[in-house]
Visitor: 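My questions all concern the structure below.
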Amino acid sequence: MARSPRPGIERDLHALANPKRAIDLQRFFKTGPGGYGEGDRFLGLTMPQVRQLARTHGAASLKDIERLLESPWHEARTLALVLMVNQYAQASEPARRAIYRLYLARTDRINNWDLVDVSAPGVVGAHLLMRQRGVLRRLARSRNLWERRIAMVSTAAFIRNDQFDDTLALADMLLTDPHDLMHKAVGWMLREVGKRDEKMLRRFLDRHAARMPRTALRYALERLTPRQRQHYMTTPRT
């Protein structure tokens with residue numbers, strides 16, 4: 001087990017604790033028995049508070065970041081990931097490689113949908129933008145729900161650069177994933193493709209709408225016209 005991070009980081013985290021809000025967050029993130037976030041613990045911070053802490057402690061070392069990832073507190077792990085995203089954007093190439101390697105080595109601590117969504121595009125997606133992307137297929141085949149979500153959500157970085165092939169290929173791979181949180185991730189990324197290239201989204205839907213889970217389909221259709229949405233929602237199921 002890694003040691004605690006610098007006392008200043010932990011002190012500042014705990015100084016912002018809000019026990020009442022923490023109870024609401026534990027309910028929202030399904031931390032009860034059998035929930036996808038079972039056993040997670042919250043201090044009750046807001047995301048703007050976490051981002052402010054990331055600015056205050058922006059020079060934290062990777063050792064400090066990994067120690068935050070080891071924390072039982074959800075917001076400590078969130079802070080670690082925001083620090084990684086912020087540092088990656090400004091880092092030298094060797095430092096970027098180190099951040100990326102740490103991220104993939106500690107996916108066991110990136111264990112809820114918000115942690116994935118706040119970090120995967122800015123670390124994994126950003127790192128693979130000009131590189132081979134086979135690791136995403138490996139993650140997409142993982143038994144771990146969060147690794148599969150990392151694979152899908154990382155492609156947001158590609159979409160922003162008008163690169164859609166990997167998003168569509170992974171969406172096809174994950175289309176019949178058993179978990180609702182993956183249906184949402186797939187539909188979300190398809191919707192983002194459609195914002196930039198509606199024809200490409202519609203070609204994908206023409207091929208796959210009949211076998212898409214309803215949640216994924218609804219997310220993907222959100223920005224289409226009512227007539228287009230009706231067409232795909234009434235496609236006979238296969």
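Here, residue 1 is the first one in the sequence, and each next residue gets the next number. No hydrogens, no waters, no symmetry mates; every other heavy atom, side chains included, goes into these values.
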Visitor: Using the ring-ring contact (aromatic ring centres under 6.0 Å, His included) criterion, which residues pair with Tyr232? Sequence neighbours excluded.
Guide: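 Result, ring-ring contact (aromatic ring centres under 6.0 Å, His included) vs Tyr232: none returned.
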Visitor: Give me the atom names and distance for the closest heavy-atom approach of Leu201 to Ala220.
Guide: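 Looking at all heavy atoms of both residues, the closest pair is CD2-O, 3.6 Å.
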Visitor: Taking only residues two or more places apart in sequence, or in another chain, which ones meet His179 in a ring-ring contact (aromatic ring centres under 6.0 Å, His included)?
Guide: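 Counting only residues at least two positions away or on another chain, His179 forms no ring-ring contact (aromatic ring centres under 6.0 Å, His included).
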Visitor: In a table with atom names and distances, give each donor-acceptor pair under 3.5 Å that connects a side chain of residues 114-123 to protein atoms at least two apart or in another chain.
Guide:
from   : atom 1 : to     : atom 2 : distance (Å)
Asp114 : OD1    : His74  : NE2    : 3.2
Asp114 : OD2    : His74  : NE2    : 2.7
Asp117 : OD1    : Arg149 : NE     : 3.0
Asp117 : OD1    : Arg149 : NH2    : 3.3
Asp117 : OD2    : Arg149 : NH2    : 2.7
Ser119 : OG     : Tyr103 : OH     : 2.8
Ser119 : OG     : Leu115 : O      : 2.6
Ser119 : OG     : Val116 : O      : 3.4

Visitor: For Glu147, give me all partners under side chain to side chain contact (heavy atoms under 4.5 Å, CB included), at least two apart in sequence or on another chain.
Guide: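 In terms of side chain to side chain contact (heavy atoms under 4.5 Å, CB included), with neighbours along the sequence ignored, Glu147 is linked to Thr107, Leu139, Ser142, Asn144.
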Visitor: Please report the shortest heavy-atom distance between Ala185 and Val153, naming the atom on each side.
Guide: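 Shortest heavy-atom contact: CB-CG2, 4.2 Å.
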Visitor: Residues two or more places apart in sequence or in another chain: which of them pass side chain to side chain contact (heavy atoms under 4.5 Å, CB included) with Ala89?
Guide: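 Result, side chain to side chain contact (heavy atoms under 4.5 Å, CB included) vs Ala89: none returned.
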Visitor: If you take all heavy atoms of Phe28 and Trp113, which pair is closest and at what distance?
Guide: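 The pair with the smallest heavy-atom distance is CE2-CZ2, 3.6 Å.
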Visitor: Write out all pairs satisfying salt bridge (charged side-chain N to carboxylate O under 4.0 Å, His left out) with one or both partners inside residues 219-238, taking only residues at least two apart or from two chains.
Guide: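 Every salt bridge (charged side-chain N to carboxylate O under 4.0 Å, His left out) pair that includes a residue of residues 219-238, provided the two are not neighbours, is Arg191-Glu222.
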Visitor: According to side chain to side chain donor-acceptor pair (under 3.5 Å), who are the partners of Glu93, at least two apart in sequence or on a separate chain?
Guide: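 Listed in chain order: Arg131.
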Visitor: For the backbone of Phe158 and the side chain of Thr155, can you confirm whether one donor and one acceptor N or O come within less than 3.5 Å of each other?
Guide: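 Absent.
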Visitor: Could you name each residue pair satisfying salt bridge (charged side-chain N to carboxylate O under 4.0 Å, His left out) that touches residues 22-38, not counting sequence neighbours?
Guide: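 Residue pairs with at least one partner in residues 22-38: Asp24-Arg27.
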Visitor: I need the full list of salt bridge (charged side-chain N to carboxylate O under 4.0 Å, His left out) pairs touching residues 40-53, with sequence neighbours left out, sorted by first then second residue.
Guide: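 Listed by first then second residue: Asp40-Arg77.
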Visitor: Tell me, please, which residues at least two apart from Gln228 pass side chain to side chain contact (heavy atoms under 4.5 Å, CB included).
Guide: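 Gln228 satisfies side chain to side chain contact (heavy atoms under 4.5 Å, CB included) with Glu198, Arg202, Leu224, Thr225 only.
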Visitor: Salt-bridged, Glu66 to Lys63, with N to O below 4.0 Å?
Guide: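 Salt bridge: no.
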Visitor: Under the ring-ring contact (aromatic ring centres under 6.0 Å, His included) rule, collect the residues that match up with Tyr88, sequence neighbours excluded.
Guide: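 Listed in chain order: His127.
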Visitor: Please collect all salt bridge (charged side-chain N to carboxylate O under 4.0 Å, His left out) contacts where either partner lies in residues 163-181, sequence neighbours excluded, each pair once.
Guide: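 Sorted pair list: Arg133-Asp166, Arg137-Asp166, Arg148-Asp177, Asp172-Arg211, Asp180-Lys184.
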